[in-house]
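Some notes on the structure that comes next.
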Amino acid sequence: MTSETSEIALLRTKIAELTAREAQLRQELEQLERQRGGVLEGREDFLRAVLETSMDGFWVIDATGAFREVNEAYCAMLGYNRDELLRMNIAALDAEETPAKIATRIKEMSANASELFETRHRRKDGSIFPMEVSTTWLDEDGGRLVCFCHDLTDRHEVEKALQQSEGRLSHILDNAVWQIWAFDGRYFTYLNRAYYDFTGLRVDNQHKIEAWTSFIHPEDYRAAMQQWNQAWEAEEEFDSCFRMKNKFGEYRDFWCRAVPIFQTDGGLSHYQGFNIDITERNQAKAQQEKLQEQLAHAQKMESAGRLAGGIAHDFNNMLGVILGYSELLLAQIGDNQQIRPALQGIQEAAERSAELTRQLLAFARKQAVVPRKLEVNRTLEGMLKMLQRLTGEDIDLAWIPGEGLGQIKIDPSQLDQIMVNLCANAREAITDTGRISIETGSAVLDHRACEEFADALPGEYVTLAVSDTGCGIHPDALPHLFEPFYTTKEHGQGTGLGLSTVYGIVKQNNGFLHVESVSGEGTTLKIYLPRYSEENQERAETAKGEAVATGTETILLVEDEAMILEMTTMMLQGQGYRILPAATPGEAIRLAEAHGSEIGLLIADLVMPEMNGRDLAEKLMTFNPRLKRLFMSGYTASVIARHGVLEEGIHFIQKPFSRSAIAAKIREVLDQAPA
């Protein structure tokens with residue numbers, strides 16, 4: 001075999017191998033193509049399944065805006081089916097722009113890899129809804145535009161509802177009467193209208209902490225800031241009360257409360273708080289406390305009055321016996337100088353004690369009185385000389401009468417007691433020389449004005465003020481000024497009943513008192529007495545003589561205290577009267593039945609165990625309708641009408657009484673013409 005033949009054989013072998021390798025490679029290539037086709041087909045199915053099950057809309061358009069692909073979610077959004085949309089252009093659905101603008105927008109999009117924007121599409125039924133669209137080009141040459149969209153209807157509705165809610169909240173906050181604020185540590189991030197209206201600050205979102213602290217009262221500043229700093233450092237609630245100045249420069253009381261607001265990571269974000277004006281509440285609380293104090297004081301004075309009245313009643317009975325027997329003995333012993341001075345001493349001591357009991361009764365408002373209509377100025381002018389003698393020549397007594405006062409209704413002796421006690425107290429407050437002023441006037445008080453005075457009632461008043469330039473009254477003594485036996489004088493210098501007597505008289509006559517005093521400068525005590533409506537003026541009673549009146553009439557004397565009954569019987573028998581003594585109402589009735597019309601006068605104690613004096617008198621008048629009556633008591637009891645004022649036609653004498661006083665009263669009653 002030649003070498004040429006060998007080469008040809010070798011070449012043929014190589015060709016056969018290459019042919020076999022080609023067939024193998026072709027087979028492998030076909031297998032790879034089949035595998036690749038399966039993968040692509042699977043991925044396409046996967047992507048299609050994802051797009052079809054997506055809740056967001058998906059579509060593909062070409063450069064002209066024609067739809068090339070859509071998913072079911074987009075079809076559901078618009079109300080079209082897939083075939084309908086694939087025959088349409090995006091310009092037919094967009095409710096925001098014209099077809100020309102849409103074409104321009106598609107061309108502009110080709111310059112960007114992707115874009116996100118909001119627009120609105122029109123549904124098949126014509127309704128329009130908002131959507132958010134994300135776009136990107138699928139082909140590098142800008143042939144297909146892929147779009148994803150999300151329906152914003154729910155989000156817009158939520159945002160609208162949130163805006164409405166925020167609007168309502170803002171309206172509520174701006175119309176709230178409370179001051180509402182938020183502070184982040186550097187600035188007040190929110191202040192409502194009430195805060196601006198109160199402080200007068202200019203509306204600004206960058207108010208520093210001085211927007212609060214600069215309005216706090218200087219006396220409250222330190223405590224308020226200390227509380228605030230402690231709360232901020234501890235990240236705890238802030239709770240404080242202080243005064244704040246308004247835009248007019250007036251201070252008001254506020255309660256401030258704030259709570260910390262934290263971030264999601266737990267760090268402090270800011271404080272939210274409110275300021276509530278509690279000025280009226282504090283004033284009401286102070287007024288309530290004042291009224292409580294007044295009530296407690298009134299109750300204390302009332303209790304003291306009841307105690308004083310009870311003591312005076314029992315004491316008067318004993319004093320009546322002492323005075324009566326001392327007078328009887330003095331009348332019997334003549335000029336016996338060994339016994340007479342002792343008896344006179346007993347009598348004087350009893351009379352001074354009786355004066356004390358009269359003051360106690362005046363304080364207790366149980367003093368028997370006969371009110372008369374008086375012109376205050378005329379009555380006081382008649383007292384000025386006496387008052388000047390009382391105060392002394394080294395005291396300047398000034399009389400300042402008011403005009404057009406009208407009248408008051410009061411027992412003249414009570415007005416005397418008031419003036420004597422007030423002027424005596426004023427004189428004792430002045431160390432050497434000084435001035436006492438007596439001033440009258442008038443006042444009309446409404447409900448608001450009455451809040452300033454204890455026990456005051458609305459109405460018209462005549463005022464009587466006594467002022468002095470003395471040492472004044474210490475503030476600690478003012479609450480006790482009208483208490484019985486309370487005195488700032490040294491031991492033995494006073495009884496402490498002067499002002500308590502004035503208090504009782506004024507209250508008995510439906511008035512009230514007001515005291516103003518400055519230590520070292522003087523005191524003014526002002527009395528308000530109700531103005532009497534009638535204009536007619538009653539004349540004062542003619543002064544009675546001091547001679548002991550006598551008579552021969554028969555008197556039925558009823559007294560349950562044996563010593564007083566015995567003493568009064570002896571006293572009246574000594575004046576010539578025929579006395580029928582009775583220790584009980586039952587005994588008095590039996591005597592009245594036995595003596596009938598012989599009895600010209602009944603003298604009876606008001607308060608007795610079996611029957612009171614007035615009921616006894618009514619019982620006896622069934623036997624003797626013309627029977628005259630005279631009642632006596634250590635206090636006024638049932639014949640005294642409201643506040644101790646005697647009823648018309650009732651004759652009364654206060655225990656203890658002197659021989660001349662009872663004699664004069666008996667003659668007054670007996671000599672009175674029958675009714």
Side-chain angles (χ1 to χ4, degrees), residues 310-332 343 346-347 350-351 353-354 357 368 548-596 598-621 623-624 627-639 650-667 669-670:
I311 292 172
H313 170 258
D314 294 337
F315 195 40
N316 273 342
N317 284 336
M318 300 301 101
L319 288 175
V321 175
I322 296 171
L323 280 171
Y325 279 121
S326 63
E327 283 190 326
L328 287 175
L329 289 173
L330 283 170
Q332 292 174 7
L343 288 175
I346 293 172
Q347 187 179 35
E351 287 174 349
S353 299
T357 60
V548 176
T550 60
T552 58
E553 290 89 345
T554 299
I555 297 175
L556 176 56
L557 177 63
V558 189
E559 168 62 63
D560 61 320
E561 290 285 346
M563 293 179 66
I564 297 178
L565 179 62
E566 181 181 354
M567 180 272 298
T568 308
T569 298
M570 293 174 60
M571 184 184 292
L572 298 182
Q573 286 175 340
Q575 295 170 15
Y577 295 105
R578 178 191 176 197
I579 304 300
L580 301 176
T584 64
E587 186 178 352
I589 292 173
R590 289 192 292 273
L591 288 172
E593 290 174 342
H595 294 275
E598 296 177 22
I599 301 173
L601 174 67
L602 167 68
I603 301 178
D605 194 3
L606 278 170
V607 181
M608 294 180 288
E610 296 178 9
M611 184 183 301
N612 67 54
R614 189 164 186 178
D615 290 344
L616 173 62
E618 292 177 356
K619 183 78 172 178
L620 297 183
M621 289 180 71
F623 308 116
N624 184 359
L627 179 67
K628 295 180 178 180
R629 287 98 52 210
L630 173 61
F631 298 104
M632 58 183 178
S633 182
Y635 55 85
T636 62
S638 60
V639 298
I650 300 296
H651 297 283
F652 179 84
I653 187 168
Q654 182 80 46
K655 294 179 181 178
F657 43 77
S658 65
R659 189 164 63 101
S660 59
I662 187 67
K665 196 68 178 179
I666 289 173
R667 289 285 10 128
V669 178
L670 287 173

Step-by-step side-chain contact (heavy atoms from CB on, under 4.5 Å) determination, Arg629 to Met621: CA-CA 10 Å; Arg629 287 98 52 210; Met621 289 180 71; 3.6 Å; yes
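Side chains of Ile666 and Ile603 form a contact here, defined as non-hydrogen atoms less than 4.5 Å apart. Between Ile589 and Glu593, some side-chain heavy-atom pair lies under the 4.5 Å cut-off. When side chains are defined from C-beta on, Leu630 counts as touching Lys665, because their heavy atoms get closer than 4.5 Å. Within the 4.5 Å cutoff, the side chain of Met571 has heavy atoms near those of the Ile662 side chain. Annotation: side chain of Gln575 is not in contact with side chain of Arg667 (no heavy-atom distance under 4.5 Å). Within the 4.5 Å cutoff, no side-chain heavy atoms of Thr554 are placed close to those of His595. Side-chain atoms of Asp605 and Ile564, non-hydrogen and from C-beta on, never get closer than 4.5 Å to each other.
Here the closest heavy-atom approach between residue Leu670 and residue Tyr577 is recorded as CD1-CE2, 4.0 Å. Considering every non-hydrogen atom in both Ala582 and Leu591, the closest pair reads CB-CD1, 4.0 Å. Closest approach of Ala588 and Val558 over heavy atoms only: CB-CG2, 3.6 Å. When every heavy atom of Ala592 is checked against every heavy atom of Leu620, the shortest pair comes out as CB-CD2, 3.4 Å. Contact between Gly596 and Asn624 at its shortest, heavy atoms only, is O-ND2, 3.7 Å.
Applying the side-chain contact (heavy atoms from CB on, under 4.5 Å) rule to Pro585 yields the partners Met608, Glu610, Met611, Leu616; only residues at least two apart in sequence or on another chain are considered. Ala583 is linked by a side-chain contact (heavy atoms from CB on, under 4.5 Å) to Leu565, Glu587, counting only residues two or more places apart in sequence or in another chain.
Expressed to the nearest 0.5 Å, how far CZ of Arg578 lies from CG of Leu572 amounts to 14.5 Å. The structure places CD1 of Ile555 at 10.0 Å from CG of Leu602, a figure rounded to the nearest 0.5 Å. For the atom pair CD of Glu618 and CG of Asn612, the computed distance is 8.5 Å after rounding to the nearest 0.5 Å.
Without hydrogens or angle criteria, Glu559 side chain to Glu561 main chain gives a donor-acceptor distance under 3.5 Å.
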